[in-house]
Structures are given as structure tokens and as C-alpha cells.
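What you are looking at is a predicted structure, and each value in this text was computed from that prediction instead of being measured. Numbers restart at 1 for each chain; the letters A, B, ... are given by sequence-line order, proteins then strands.
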Amino acid sequence: MFELFISNPLVLMMIEVLVICIKVVVVTLVVFSLPLPLTYIERKVAGHIQVRLGPYRVGPHGILQPLADMIKLIFKEDIIPYKADPWLFKIAPIIAMVPAFAVFATIPFGEKVTIPFIDKEVTLYISDMDTGILYVLAIAGLSVYGIILGGWASNSKYALLGGLRSSAQMISYELALSFACIGVVMVVNSLSLVDIVRAQSGWHWNILYQPLGFVIFAIAGLAEINRIPFDLPEDEGTLGAGYHAEYSSMRFAFFMLTEYVAMVSMSVLMVILFFGGWDGPGFLPGIVWFLIKVAFIIYVIIWTRFTYPRYRYDQLMTIGWKILLPLSLLNILITGLVVI
Amino acid sequence: MNGNHYNLNLKDILKKVFFVDLIQGLFITFNYTFSKTITLRYPDEEKWIPYRRFRGLHTLNRNKEGKELCVGCELCQKSCPTQCITVVPMQDKTGKGIADRIAYRWEINLLRCMFCGLCEDACPTEALKLGREYELANTSMQRSLWTKEELLAAQEIPVEFDGGVIVRARLERDDKGLKVIPDMSVQKRWW
């Protein structure tokens with residue numbers, strides 16, 4: 001009876017849907033809670049680089065500091081400026097946040113695993129699109145709308161300038177970023193992220209074949225996620241706090257969440273495109289290698305934040321248009337010549 | 001824009017292309033990441049023990065036989081710029097002090113005291129000394145008025161102890177307030 005029930009096509013479909021739903025919920029929850037440890041790590045690394053200790057009082061070695069911060073942010077007053085556009089002001093953080101999460105729909109975290117006891121094969125990604133990398137780049141670029149709208153709706157000069165800078169920066173660096181990805185795509189011959197990772201298995205990591213592409217991707221990626229040395233949209237020295245100058249409470253938390261999720265997704269993308277995804281020595285499961293690599297890249301991003309000063313705005317534009325863009329075109333040319 | 005007349009030789013160009021300076025910068029901050037912190041974990045875990053020359057809470061000393069050195073000469077009271085010391089002398093034949101005159105009352109109002117140390121300089125018998133106790137915060141103004149009996153009591157940090165180190169400490173909370181209790185056996189040099 002049970003055999004009959006389990007082989008019913010309708011039931012099979014239901015199980016598939018259920019599995020996808022569970023995956024979506026798990027990924028969303030994990031990504032949603034990631035900024036908590038990341039803020040802690042960032043503050044700890046910052047502290048130790050500056051020969052301080054970082055958070056230390058809340059819990060042992062300050063481990064509960066992010067929770068305290070979260071509670072503080074929830075209970076703070078949610079201020080909407082008198083002259084702001086209330087509707088846009090409210091919706092902007094959501095517009096910024098949703099694409100940051102949507103990116104994770106195609107991110108593969110590992111190969112198929114078999115869940116014990118029920119013998120069901122589950123893939124460690126929500127979907128394997130044929131044009132996965134295109135989807136990721138397109139959706140990641142959407143996040144900037146939230147930032148611009150937030151800056152515009154605040155009706156504040158600093159916020160507007162922050163939003164403008166962000167859009168200009170995004171346009172300049174999105175090109176170089178996409179061209180760097182094209183190099184990878186030419187080597188691998190597929191746009192699917194899963195295929196890209198599979199093609200790199202056995203230490204054929206793309207960083208060995210695309211060193212120039214990797215450098216361009218790393219620099220443009222840093223600029224895409226508004227991290228130092230390219231965090232012009234939230235330049236404290238000249239813009240107060242940049243595009244989220246007028247935001248407080250949970251809306252500000254959403255913007256911060258977006259930034260951290262963008263950092264994670266950029267690191268994940270870098271691992272998938274250049275560091276072979278879940279490929280690694282066999283003694284650990286693939287997903288562990290994947291997470292180790294992602295953690296390392298996140299650490300490097302935080303590390304650079306507290307090492308380098310910020311670029312000037314004209315320098316930012318010069319690097320984007322005069323250096324990275326021609327270099328990425330050159331990279332495509334070289335790759336094309338070698339591949340053919 | 002004719003500003004870019006740098007004489008770039010090959011070495012400089014290569015340095016720029018391979019981010020040599022940036023990577024050197026990264027290594028500097030990496031070393032600092034694992035260097036010793038300068039943060040003093042003051043009330044919870046560590047406490048700074050000052051040198052002997054430190055001017056903290058006043059102490060009234062006794063000589064080796066345990067007799068009070070203070071003879072109630074009132075010089076400290078007269079030398080005090082903020083007039084925070086009150087001395088009332090009295091005759092005493094019981095031998096509590098080194099002479100037949102001791103202080104009947106010796107009070108200091110720490111709310112006014114600026115720890116200049118002039119009283120210490122004025123003291124002819126070296127009875128008065130500014131000690132190393134510096135946690136003087138109170139919840140009531142009344143408790144900033146220190147009397148002779150409290151000041152005659154032995155201080156937490158012995159005089160023989162050199163100071164100038166950080167020692168292990170622990171924070172104790174009770175009804176009276178907070179207290180940081182040092183543990184002299186575990187010492188650490190200042191950064």
C-alpha cells in the first residue's frame with residue numbers, strides 16, 4: 001500500500017515541491033541570520049587589527065554583542081523625516097533587500113547528497129538555471145535601486161549624493177565585473193553555475209586559467225558591494241552616512257543586512273567562479289570546503305576594509321573606466337585567442 | 001591635465017601591477033591582528049597598580065611599634081589649598097601616639113580634595129602619605145568624608161609593593177557597590 005502511495009506521480013511531485021520549499025526556507029533563514037555573526041567577526045577583526053579587543057563585555061568575549069545590537073535596533077524609534085516621501089522611504093529598504101536574497105536561488109552549495117533513512121537524493125541548490133550567472137549578475141545589480149530610492153526619498157542632500165554615487169559606481173563596475181565573468185564562461189563553455197563548478201573539479205580552478213580575470217573580478221566585486229576601498233556611497237567623511245543617513249531602526253537594519261548579504265553572495269560567487277566551488281581534498285565533504293573558502297574570502301574582504309583608505313571619487317571613476325574596463329576586454333581577447 | 005609626469009621606471013610599474021605596496025600593507029595589518037592588545041580589561045579581569053609616587057587616597061601611618069605618627073600639628077590643614085582637611089588635636093597620655101598629643105579628629109573631604117600632595121609635604125612626622133587607592137567613586141556624598149579610623153587602616157596595596165604593573169583582578173558587586181579586588185600574584189607588564 002505504502003509502495004503504491006509513494007510511486008504515485010502526484011505524490012512524487014508533492015514531495016519535490018516540499019523539498020524545494022524546505023530548501024528555500026533553510027537558505028533564507030541561514031542567509032537572514034548570517035549578518036549576526038558577520039558583524040561580530042567584522043568588529044572583532046577591526047579591533048584586533050587596531051590592537052584593541054573589539055566587543056568584549058556582552059557574553060564571553062562579547063559573543064552576544066550582535067544579539068544586543070539587534071534588540072537595540074528593533075526597539076529604536078522608527079523615524080521618517082518630515083519632508084521625506086513616506087511611501088518610497090518605507091519601500092526602499094525592502095527593494096534593496098529582496099534582490100540580495102534572490103541571488104541565492106541559483107547558488108550551488110554542493111553536489112547531490114543522499115539523506116539517510118529515507119534514501120532521497122537532494123541537490124544542494126534550489127535551482128540549476130542554464131543561465132545562472134546571468135541571473136545572478138542581473139539580480140545583484142537590482143539592489144542598487146533600493147539604495148537610489150532610499151537616497152532620493154530621504155529628501156536629504158547627503159543621502160541623495162550617496163545614492164547618486166552608488167548608481168554611478170554600480171554602472172561603472174558592473175561592466176568590468178560582467179566582462180570578467182565572460183572570461184570564465186568562455187573557458188568553461190557554460191552559463192550554468194553548477195556546470196562552472198563541475199568543470200573546475202580536480203584542481204582545475206579558474207584562478208589558474210584566469211588570473212587577470214580574477215583580479216578584475218575581485219576589485220570590481222569590492223566596488224559592487226560598496227566595501228572599502230570603494231565605499232563612496234557611505235563615505236562618512238564627506239556624506240555623513242551616505243544613502244542611509246536618514247534611516248533608523250529596522251529600516252536601517254535592512255540596509256545593513258543587504259550589505260552583509262551582498263558581501264556573502266559576492267564571496268560565494270568568487271568561490272564558484274574562480275576557486276572551484278566545493279572542489280577540494282577528499283577528506284572533508286564538499287560543502288565544508290565550500291564554506292571554508294567562502295569564510296576565507298569574507299575574512300579577506302574584512303581585512304582589506306581595515307587596511308586601506310578610501311579612494312577619491314574621481315579616482316574611483318578612473319579605475320573603473322580607464323583601467324578595469326580595458327583590462328577586462330583584454331582578458332576576453334586573450335581568453336578567446338587561447339581557447340580557440 | 002599635465003600632472004602625470006612621473007618618471008616611472010620598470011620596477012615601479014611592476015610594483016604597481018602586482019599590488020606590491022597593497023600586499024605589504026595587508027601583511028602589516030595581519031601582524032597587528034595577532035599582536036598583543038593594549039586594551040586594559042579594567043574592572044573585570046585586570047587592574048593597574050600605580051607606582052609609589054602616585055597620589056591617591058590619604059593614609060595615616062603608624063611607626064614600627066604601632067604608634068600613630070600623627071601629632072595633630074594641624075600643618076596639613078593649614079597647607080591645604082582647598083581647605084578640605086579638618087584636624088582637632090587633643091592631649092593623650094596613654095601612648096597611642098609618638099608624643100603626648102594626637103589627632104582627636106582627622107577628617108578629609110575628598111569631594112574638595114584635588115590630590116596636590118601639599119599636606120604630605122607639610123607633615124613633619126611623615127604620618128600623612130597619599131596612597132595608591134584610586135577607586136573613590138560613591139553613591140552618597142557622605143561617604144566621601146573619610147575619618148581618621150578609616151585612614152589608619154592598612155591599605156590594600158602594601159607599601160613594599162613597587163607598582164607600575166597590571167595585575168589580575170576580579171570585580172565584586174554587592175549592596176554597597178562595586179569593588180575591584182586585585183590579585184598581586186599574577187602580574188603583567190604594561191604594553
Side-chain angles (χ1 to χ4, degrees), chain A residues 41-65 211-212 214-220 222-223 227-230 296-312 314-315 317-319 321-324 326-327 330-331, chain B residues 1-6 8 10-48 135 137 165-173 177-183 186-191:
Chain A
I41 291 165
E42 177 143 30
R43 288 176 66 180
K44 268 292 186 200
V45 170
H48 282 279
I49 282 177
Q50 293 162 359
V51 207
R52 299 182 286 114
L53 282 171
Y56 202 77
R57 299 299 301 265
V58 191
H61 283 258
I63 197 102
L64 298 176
Q65 185 70 43
L212 182 59
F214 169 70
V215 171
I216 294 165
F217 188 90
I219 295 173
L222 271 182
R227 297 287 296 193
I228 275 183
F230 303 105
F296 178 73
I297 286 176
I298 287 175
Y299 174 70
V300 171
I301 290 174
I302 294 173
W303 180 14
T304 50
R305 171 168 176 191
F306 295 100
T307 304
Y308 301 141
R310 185 180 289 122
Y311 278 110
R312 222 167 47 217
D314 60 318
Q315 289 173 330
M317 285 294 143
T318 312
I319 293 169
W321 290 106
K322 288 189 187 167
I323 299 175
L324 285 189
L327 271 182
L330 182 74
N331 184 42
Chain B
M1 283 292 282
N2 294 325
N4 293 335
H5 285 303
Y6 303 122
L8 282 178
L10 190 67
K11 199 180 152 198
D12 286 346
I13 291 171
L14 283 178
K15 256 183 149 182
K16 271 199 161 181
V17 168
F18 289 105
F19 304 113
V20 173
D21 294 340
L22 294 181
I23 289 166
Q24 276 174 352
L26 278 178
F27 273 109
I28 287 171
T29 46
F30 188 77
N31 287 338
Y32 273 118
T33 313
F34 297 103
S35 71
K36 219 165 129 190
T37 172
I38 58 164
T39 306
L40 178 61
R41 278 155 272 183
Y42 163 47
D44 291 327
E45 291 170 29
E46 293 169 342
K47 183 179 178 177
W48 164 251
E135 285 150 355
V165 286
I166 294 168
V167 297
R168 175 80 51 81
R170 65 175 200 280
L171 181 69
E172 285 213 344
R173 299 155 194 261
L178 306 173
K179 186 130 184 57
V180 184
I181 293 152
D183 171 13
V186 186
Q187 295 178 14
K188 187 177 130 185
R189 289 288 301 279
W190 179 239
W191 194 69

### Message
Would the distance check show the side chain of B/Thr37 and the main-chain N or O of A/Val51 forming a donor-acceptor pair, the cut-off being under 3.5 Å?
### Response
yes

### Message
At a 4.5 Å cut-off on heavy atoms, which part of B/Asp44 comes close to chain A: side chain, backbone, both, or neither?
### Response
side chain

### Query
Parallel, tilted or perpendicular for B/Phe30 and A/Tyr299, by the 30°/60° rule?
perpendicular

### Task
Below 4.5 Å from any heavy atom of chain B, which atoms of A/Ile323 appear? Answer side chain, backbone, both or neither.
neither

### Task
Could you look at B/Ile28 and say if it's the side chain, the backbone, both or neither that has a heavy atom under 4.5 Å from chain A?
neither

### Task
With rounding to the nearest 0.5 Å, note down the distance linking CD in A/Gln50 to CD1 in B/Ile38.
10.5 Å

### Query
Closest heavy-atom contact between B/Thr39 and A/Arg52?
OG1-CA, 3.5 Å

### Query
Can you find a heavy atom in the side chain of A/Phe306 that is under 4.5 Å from one in the side chain of B/Thr29?
no

### Message
With a 4.5 angstrom heavy-atom cut-off, is it the side chain or the backbone of A/Tyr56 that approaches chain B, or both, or neither?
### Response
side chain

### Query
Are more than 12 heavy atoms from other residues, nucleotides or ligands located less than 6.0 Å from atom OH of B/Tyr42?
yes

### Residue A/Val300 versus chain B: region with a heavy atom under 4.5 Å
neither

### Summary
When the 4.5 angstrom heavy-atom criterion is applied to B/Phe19 and chain A, the contacting part is side chain

### Task
Check A/Tyr308 against B/Ile23 and note the closest heavy-atom contact, atom names and distance.
OH-N, 4.2 Å

